[in-house]
Amino acid sequence: MPELPEVEVICRGIRPHLLDRTVTAIHASGKELRRPIPLDRLRREMLLRPITFVDRRAKYLQIGVEGGARLIIHLGMTGNLGFFAPNSQAAKHDHLRWTLDNNSELRYNDSRRFGSIIMCSSHEIADLETSVFQTTGPEPFSDQFSAEYLQRLAKGKEVPVKVFIMNTRVVAGIGNIYAGESLFRAGILPTRKVRTLSGKEWLKLVTAIREILEEAIACGGSTISNFLNAHQEKGYFQVHFMVYGRRGEPCPTCRTTIENLRLGGRASYFCPRCQR
DNA sequence: CAAGTTACCTGACGGC
DNA sequence: TGCCGTCAGGTAACTT
């Protein structure tokens with residue numbers, strides 16, 4: 001489900017409800033996610049400690065508590081976090097619930113269970129960049145993410161550009177939808193081998209990625225089937241999709257029929273005329 | 001090493 | 001109505 005914009009929208013939605021509150025109880029469904037939920041650790045590190053920050057890094061949410069411990073959540077394909085009133089009915093696939101000191105609840109729901117819940121103690125925080133985030137590349141809005149950086153990394157490589165920008169080691173937060181939409185805006189075919197892109201093309205791509213992500217965040221993310229923000233509201237960036245899911249439809253720019261193929265196992269949509 | 005494939009899991013949808 | 005195959009917003013562990 002969530003790429004960078006959706007995770008950012010969730011982050012902004014839950015932050016005001018969490019800051020300066022404390023967690024008074026934690027309940028789990030008993031089902032495993034990618035890995036077992038470390039329930040004892042969560043209780044030991046989080047309970048009764050005021051929450052000091054709520055942030056996003058790549059597609060991870062980070063919730064810090066006083067004393068330095070940090071909860072790190074990845075939503076996988078179908079994970080979501082929401083805020084709920086006291087005593088409201090739990091839904092199917094709610095796998096983790098944090099009760100706050102005002103009795104409201106933060107809930108983690110994930111039907112496919114590809115997400116992960118990681119609890120870091122205060123003395124594990126210093127090593128985060130070489131542990132949890134070891135395979136996580138620069139943020140797309142950081143100075144480190146530039147045309148020069150991409151061109152250097154791409155040198156001599158045969159990978160299709162869409163697969164390259166979806167590689168979390170190359171850049172954080174870009175998944176299948178926003179990779180495809182960014183390539184359309186940059187006028188670059190998803191199949192292009194990265195060693196063939198010019199500096200000018202890399203710059204167009206960096207700019208397109210930043211614009212698309214910003215616009216998607218401003219729209220509250222994209223709701224394809226079930227993404228909802230922390231207050232169970234839909235995003236609406238999906239109405240701005242130029243190519244994603246539009247096989248057989250006319251290109252919004254030139255009316256050429258949108259095509260579709262599989263790259264790295266993922267559906268990839270493009271306009272064969274606007275993208276070269 | 002790089003590049004391609006598979007596995008993890010549930011649910012929605014289309015064809016028959 | 002139901003059964004079956006295919007696909008889905010991610011990532012890492014495999015294989016080649």
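We name chains A, B, ... by the order of the sequence lines, and we start the count at 1 in each one.
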Original post:
In this structure, which one of I73(A), N80(A), V54(A) forms a side-chain contact (heavy atoms from CB on, under 4.5 Å) with I10(A)?
Top reply: N80(A)

**OP:** May I have the distance from L263(A) (atom CG) to dG9(C) (atom P), rounded to whole angstrom?
**Re:** 13 Å

Original post:
Which nucleotide sits closest to the side chain of Y269(A): dG9(C), dA8(C), dA3(B)?
Top reply: dA8(C)

Original post:
So, E66(A) and R49(A), do they make that salt bridge, N to O below 4.0 Å?
Top reply: no

Subject >> salt_bridge(E211(A), R185(A)) N-O dist < 4.0 Å >> reply: yes

Original post:
Distance check: side-chain N/O of K193(A) vs OP1/OP2 of dA3(B), anything under 4.0 Å?
Top reply: no

**OP:** Nearest whole angstrom, please: distance from the C1' of dG9(C) to the CD of E8(A).
**Re:** 17 Å

Subject >> Residue whose closest nucleotide on DNA chain B lies nearer the 5' end, G156(A) versus G265(A) >> reply: G156(A)

Original post:
Would you say dG9(C) has OP1 or OP2 under 4.0 Å from some side-chain N or O of S225(A)?
Top reply: no

Original post:
Tell me: CZ of F241(A) to P of dG9(C), nearest whole Å?
Top reply: 10 Å

**OP:** Apply the side-chain contact (heavy atoms from CB on, under 4.5 Å) test between W98(A) and each candidate in L81(A), T24(A), T22(A); give the one that qualifies.
**Re:** L81(A)

Original post:
Under 4.0 Å between a side-chain N/O of H74(A) and OP1 or OP2 of dG10(C), yes or no?
Top reply: no

**OP:** Can you tell me, in whole Å, how much space there is between the P of dA3(B) and that of dG9(C)?
**Re:** 23 Å

Original post:
Just wondering, do Y108(A) and L33(A) contact through their side chains at under 4.5 Å, heavy atoms?
Top reply: yes

Original post:
Quick one: is R169(A) getting a side-chain N or O under 4.0 Å of the dA12(C) phosphate, OP1 or OP2?
Top reply: no

**OP:** For nucleotides 8-14 of chain B, just jot down a letter per nucleotide in 5' to 3' order: B, S or -, based on protein non-hydrogen atoms under 4.0 Å.
**Re:** BBBS---

